Amino acid sequence: VLDWANAYREFALAHRNLVFQIFANREAVNLAVALANESLHAAVAASNLEAHHIEPAADTLVDFVHGFVLGEASAEDPGP
């Protein structure tokens with residue numbers, strides 16, 4: 001799970017506009033979920049969580065990484 005989170009964080013930091021699109025565009029969310037969920041769910045499942053905890057754990061991890069990236073982006077943007 002840590003490897004997945006680190007890789008996704010690096011990807012999201014390198015493509016911040018994608019993260020912004022995910023929040024602004026429902027179709028982008030659906031595409032991102034389809035691309036990321038399989039490997040993330042496999043990683044979470046390998047951590048021996050009970051099956052009913054896998055989806056919420058994966059969602060929480062993705063939300064955390066998105067929040068981190070948004071925070072990093074706003075810290076770097078001096079604004080108007």
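Sequential numbering from 1 along the given sequence is applied to the chain's residues. Just so we're clear, the structure is a prediction, and the values are computed from it rather than from any experiment.
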Handout entry: Leu70-Phe64 co-clustered via ILVMFWY side chain contacts under 4.5 Å
Key =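 Leu70 does not cluster with Phe64.
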Handout entry: Residues that Asn6 engages under side chain to side chain contact (heavy atoms under 4.5 Å, CB included), provided they are two or more places apart
Key = Leu2, Arg9
Problem - side chain to side chain contact (heavy atoms under 4.5 Å, CB included) partners of Glu50, counting only residues at least two apart - result: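 Side chain to side chain contact (heavy atoms under 4.5 Å, CB included) list for Glu50, sorted by chain: His52, His53.
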Problem - Atom of Leu49, atom of Ala57 and distance for their closest heavy-atom approach - result: CD1-CB, 3.7 Å
Practice task
Measure across Ser47 and Val1 and return the closest heavy-atom pair with its distance rounded to 0.1 Å.
Solution key: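 Shortest heavy-atom contact: CB-CG2, 4.5 Å.
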Fill in the blank from the handout: side chain to side chain donor-acceptor pair (under 3.5 Å) filter on Ser39, not counting sequence neighbours, yields Trp4
Practice task
Could you list the residues that satisfy ring-ring contact (aromatic ring centres under 6.0 Å, His included) with Phe11, not counting sequence neighbours?
Solution key: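 For Phe11, the residues satisfying ring-ring contact (aromatic ring centres under 6.0 Å, His included) (neighbours in sequence not counted) are His15.
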Exercise for the section: Evaluate the criterion side chain to side chain contact (heavy atoms under 4.5 Å, CB included) for residue pair Tyr8 and Leu40; output intermediate values, then yes/no. Expected result: CA-CA 10 Å; Tyr8 188 68; Leu40 174 57; over 6 Å; no
